[in-house]
Each structure stands twice: as structure tokens, then as C-alpha cells.
Amino acid sequence: MDFKKYKTFQVVADTLNLTRAADQLGYTQPTITLQLQSLESELGVTLLDRVGKKTYLTPAGKVVKQYVDQTFALMDEMEAELRKLEDPHGLLTVAAPEIYCTQYLSLIIHSYISENPKVKLQLFSCDSNDAMKKVAVGEADLAIIAGPCDSPQMESMPLGKEDLVLVTTKELFEQHDTRELLESYPFITYKSGSNIQRLVNECLKDYGITPDKYIECVSDETIKRTVMYHTGTALLGSALVEEELRKGTLAEIHRFPGVIETSMVILKKRADEQNIRSFSEIVQRIWKEWG
């Protein structure tokens with residue numbers, strides 16, 4: 001079976017125009033004509049008819065086209081499955097909030113590249129909402145996020161849970177009682193609508209406070225640094241403020257255990273891609289060791 005002749009027939013049947021078919025295939029029109037004549041002779045049927053300047057599929061041509069399309073679709077599927085067996089290679093783009101990039105992904109990336117030297121990694125630092133958007137539109141292959149993922153197109157793999165801690169500087173904590181502190185100083189938080197901000201709002205509601213003054217920031221690190229300049233209070237992940245709490249630079253006002261769920265998200269339709277699968281396996285393995 002000469003697949004080249006069948007491919008030529010498929011393109012001609014799709015375009016019904018020998019000139020366009022020749023351009024797509026990179027053949028001359030006489031070559032295409034010879035291949036079609038050879039295929040018709042092999043099958044014993046007429047595949048194409050011409051009426052004036054227009055080309056039409058014969059009834060036999062329509063039948064052959066249907067099976068040719070199915071055959072090439074199966075071959076494409078076979079080649080895609082075989083590519084999944086190849087070693088990871090090419091570009092892999094990961095999106096994640098800054099805290100994950102600096103405190104977690106550096107070690108994970110080192111381990112991944114050691115095991116998969118043919119992969120070039122690209123890391124985007126952005127908030128969880130933007131990270132999910134990048135995955136949805138194909139700008140990132142996967143994302144590490146804080147908080148829930150409600151998209152039905154995404155597969156979400158839980159990695160761990162983290163406390164949210166209401167903090168301020170030691171000096172402000174010692175100078176004011178909690179209520180006065182929360183009423184007199186601004187609450188420094190994430191931009192409205194962000195994934196983590198929803199968790200923050202739920203915790204504030206549970207704690208029974210509604211700050212009057214807000215300062216919105218674009219990253220965890222910016223929020224922490226703003227607090228450390230004695231600006232006000234903030235709810236931050238425990239991993240981000242652990243060292244400052246230990247040193248006494250920051251003081252803990254209240255702790256909300258396990259409210260931040262860290263997850264890895266990917267598009268369901270891309271879950272079996274070799275680069276994504278190999279990276280997600282390493283992430284889950286290392287995160288489990290940390291847990």
C-alpha cells in the first residue's frame with residue numbers, strides 16, 4: 001500500500017483543486033495526476049470527475065475519502081502516542097506565585113533538570129489567578145497555585161496545606177491591643193479578586209474583623225516588606241513569615257491552621273504529555289518529602 005498516493009488523493013479531495021493541492025504537497029500537477037491515475041488503476045474505480053473547470057468526487061471517491069481520513073487520523077494518533085514514550089525534551093513553562101518560585105521551585109527545578117537534561121525550563125512569577133490563566137491559554141504548561149481551582153478544564157493535584165498567620169511588627173504588637181491595632185492601621189493584602197484574597201476574606205470574617213483601611217499589593221513579598229516597615233497588619237502564609245516570627249521581627253496576632261491548600265494544576269487534555277507528567281511526578285515526590 002503506497003501511502004503517498006493516498007495522501008495525495010486526500011489533499012486533492014479536500015481542496016478539489018489541483019493547483020492548491022500541488023502547492024500544499026510540493027509536487028507538480030503532472031506528478032499529482034500520475035499518482036491519482038495509479039491509485040484509480042490499483043483500486044479499479046474512478047475517484048474524481050471534472051465538469052468544466054470544477055473537480056468533483058465520484059461516489060467511489062467519497063467512500064475512499066472517508067476511509068483515507070480515518071486511516072490517517074489513526075496514524076496521527078499512533079504517532080502522538082509514540083511521542084509520549086520519548087524522553088522529556090523541549091521547553092516546559094511553569095507559572096507560580098513568587099513565594100513558591102523562591103522557596104520551593106528552585107530545588108524542584110534543580111532535581112528535574114538533573115534527571116531531564118534535554119528540557120529547557122521557563123519560570124513565570126505571578127499570582128495564582130494569573131498562573132491559572134496562563135495554563136488555560138497555553139502560555140504555561142502547568143502552575144503551582146495557592147487556593148482552589150474551580151475550572152472544569154483543569155486537573156488539580158493537592159500538594160499540601162499551610163497556615164495563614166495574621167502578623168504585624170513586634171513594636172506595633174507591643175504598643176497596641178489587637179482591636180486598636182486592626183482599627184488604627186491599614187490591612188495590607190492582595191489585589192481584589194485574586195485567588196488567595198478569597199481565603200483572606202473568609203479568615204477575616206471568621207475572626208470577626210472588617211478593616212476600614214486597605215493597601216493592596218501584587219505579591220506576598222511586597223506585603224511582608226510593607227508590614228515590616230510598621231505600616232500595618234497582614235495575613236500571610238506561614239512559610240513566608242516563619243523566619244521573621246522566629247527572630248521576633250514579626251509578631252503573630254492570630255493563626256488560621258491549614259487554610260491555604262497548595263495545588264498543581266494542568267489542563268486535563270494535556271495530562272499525559274511527557275514533559276508535564278515527568279515534572280508533576282517530581283513535584284509531588286519532593287513536596288511529599290517536605291510534608
**Message:** Does either side chain, that of Ser38 or that of Ser41, offer a donor lying less than 3.5 Å from an acceptor on the other one?
**Reply:** no
**Message:** Could you tell me if the side chain of Leu57 sits less than 4.5 Å from the side chain of Leu16, heavy atoms only?
**Reply:** yes
**Prompt:** Going through the distances and angles, do Leu36 and Lys5 end up as a side chain to side chain contact (heavy atoms under 4.5 Å, CB included)?
**Reply:** CA-CA 7 Å; Leu36 292 174; Lys5 289 186 292 189; over 6 Å; no
**Fill in**
Between the CZ atom in Phe9 and the CD atom in Glu40, the distance rounded to the nearest 0.5 Å is 8.5 Å
**Taking every non-hydrogen atom, the tightest pair across Met154 and Cys149** = CB-SG, 3.7 Å
**Request:** Answer yes or no: is there a side-chain heavy-atom contact under 4.5 Å between Val135 and Leu267?
**Result:** yes
**Message:** Please check this pair: side chain of Thr231 against backbone of Thr226, looking for a donor-acceptor N/O pair closer than 3.5 Å.
**Reply:** yes
**NZ/NE/NH1/NH2 to OD/OE distance under 4.0 Å, Asp69 and Lys65** = yes
**Asked** Taking side chain as C-beta onward, heavy atoms only, is Phe173 less than 4.5 Å from Glu252?
**Response** no
**Item:** Same apolar cluster: Ile196 and Phe124, side chain cutoff 4.5 Å
**Value:** no
**Expected output: side-chain Asn275 to main-chain His89 donor-acceptor under 3.5 Å** = yes
**Request:** Report the distance from atom OH of Tyr27 to atom OG1 of Thr8, rounding to the nearest 0.5 Å.
**Result:** 4.5 Å
**Message:** I want to check something: taking the side chain as every heavy atom from C-beta on, are Glu281 and Arg285 in contact at a cut-off of under 4.5 Å?
**Reply:** no
**Prompt:** Which heavy atom in Gln274 sits nearest to a heavy atom in Pro88, and how many Å separate them?
**Reply:** CG-CG, 3.7 Å
**Fill in**
Between Asp130 and Lys191 the two heavy atoms that sit nearest each other are OD2-NZ, 3.6 Å
**Message:** Using a strict threshold of under 4.0 Å (side-chain N to carboxylate O), is an ion pair present between Arg225 and Glu221?
**Reply:** yes
**Message:** side chain to side chain contact (heavy atoms under 4.5 Å, CB included) for Met132 and Val265? Distances and angles first, verdict last.
**Reply:** CA-CA 7 Å; Met132 287 187 285; Val265 295; 4.1 Å; yes
**Prompt:** Ser151 side chain to Gln153 main-chain N or O, any donor-acceptor pair under 3.5 Å?
**Reply:** yes
**Prompt:** Can you tell if the side chain of Thr189 reaches within under 4.5 Å of the side chain of Gln197, non-hydrogen atoms only?
**Reply:** yes
**Prompt:** Would you call Arg270 and Glu273 a salt bridge, taking side-chain N to carboxylate O under 4.0 Å as the test?
**Reply:** yes
**Asked** How many angstroms lie between CD1 in Ile215 and OH in Tyr190, if you round to the nearest 0.5 Å?
**Response** 14.5 Å
**Request:** Not counting sequence neighbours, which residues clear ring pair (Phe, Tyr, Trp, His ring centres under 6.0 Å) with His254? List them please.
**Result:** Tyr207, Phe256
**Validation row: Thr168, Ile253 side chains within 4.5 angstrom (heavy atoms)** = yes
**Hphob cluster co-occupancy, Leu25 + Leu34, side-chain heavy atoms under 4.5 angstrom** = no
**Request:** Check whether any side-chain N or O of Asn17 sits under 3.5 Å from a backbone N or O of Thr19 as a donor-acceptor pair, and report yes or no.
**Result:** yes
**Item:** Residues Glu242 and Lys224 bridged, charged N to O under 4.0 Å
**Value:** no
**Prompt:** Between Glu162 and Thr262, do the side chains contain an N or O donor and an N or O acceptor separated by less than 3.5 Å?
**Reply:** no
**Gln70 atom CD: more than 12 heavy-atom contacts under 6.0 Å** = yes
**Request:** Give a yes/no verdict on a cation-pi contact between Lys213 and Phe187, requiring under 6.0 Å between NZ or CZ and the six-membered ring centre and an angle within 45° of the axis.
**Result:** no
**Item:** Sidechain-backbone polar pair: Arg20 side chain, Thr15 backbone, donor-acceptor under 3.5 Å
**Value:** yes
**Request:** Taking Lys268 for its side chain and Pro152 for its backbone only, find out whether a donor-acceptor pair lies under 3.5 Å.
**Result:** yes
**Request:** Verify the cluster assignment for Val64 and Tyr56: are they in a single hydrophobic cluster under the rule of side-chain heavy atoms below 4.5 Å apart?
**Result:** no
**Prompt:** Does Ser280 use its side chain to pair, donor to acceptor, with the backbone of Arg277 at less than 3.5 Å?
**Reply:** yes
**Prompt:** If you measure from CD1 on Ile145 to OG on Ser263, what distance do you get to the nearest 0.5 Å?
**Reply:** 5.5 Å
**Request:** State, without any angle test, whether Asp14 and Gln10 hold a side-chain donor-acceptor pair at a distance under 3.5 Å.
**Result:** no
**Message:** Donor-acceptor pair, distance only, cut-off 3.5 Å: does the side chain of Asp127 make one with the backbone of Pro97?
**Reply:** no
**Partner residues of Tyr185 under the ring pair (Phe, Tyr, Trp, His ring centres under 6.0 Å) criterion, sequence neighbours left out** = His176
**Request:** Scan side-chain atoms only and decide if Ser111 and Ser114 contain a donor-acceptor pair under the 3.5 Å cut-off.
**Result:** no
**Message:** Nearest 0.5 Å, please: how far is NZ in Lys7 from OG1 in Thr71?
**Reply:** 11.0 Å
**Request:** Only counting residues at least two apart or in another chain, list the ones meeting ring pair (Phe, Tyr, Trp, His ring centres under 6.0 Å) with Tyr112.
**Result:** Phe279
**Complete:** Separation between CG (Leu105) and CD (Glu98), nearest 0.5 Å, reads 12.0 Å
**Asked** Can you name the closest pair of heavy atoms from Pro158 and Glu261 and give their distance?
**Response** CB-OE2, 3.5 Å
**Message:** Show, in sequence, the C-alpha distance, side-chain angles and deciding distance for Glu243 and Lys247, and conclude whether the salt bridge (charged side-chain N to carboxylate O under 4.0 Å, His left out) test is met.
**Reply:** CA-CA 6 Å; Glu243 183 176 353; Lys247 292 180 176 178; 2.8 Å; yes
**Request:** Verify the distance criterion only: is there a donor paired with an acceptor across the side chains of Thr93 and Gln122 at less than 3.5 Å?
**Result:** yes
**Message:** Does Lys4 have more than 12 heavy atoms from other residues, nucleotides or ligands lying within 6.0 Å of its NZ?
**Reply:** no
**Asked** Below 4.5 Å, heavy atoms only, C-beta onward: do Thr233 and Leu182 meet side chain to side chain?
**Response** yes
**Evaluation steps, side chain to side chain contact (heavy atoms under 4.5 Å, CB included), between Val137 and Lys133** = CA-CA 6 Å; Val137 300; Lys133 289 176 183 176; 5.8 Å; no
**Asked** Taking all atoms of both residues into account, what is the closest heavy-atom pair of Leu159 and Ile144, and its distance?
**Response** CD1-CD1, 4.1 Å
**Contact check, side chains of Leu39 and Leu43, non-hydrogen atoms, under 4.5 Å** = yes
**Message:** Test of understanding: clusters of I, L, V, M, F, W, Y form through side-chain heavy atoms closer than 4.5 Å, transitively. Do Val68 and Val63 belong to the same one?
**Reply:** no
**Item:** Test item: Thr58 side-chain N/O and Leu47 main-chain N/O as donor-acceptor pair under 3.5 Å
**Value:** yes
**Message:** side chain to side chain contact (heavy atoms under 4.5 Å, CB included), that's the test. Do Ser156 and Met264 meet it? Break it down for me.
**Reply:** CA-CA 6 Å; Ser156 181; Met264 178 168 48; over 6 Å; no
**Fill in**
Residues Gln29 and Ala22: closest non-hydrogen pair is CG-CB, 4.2 Å
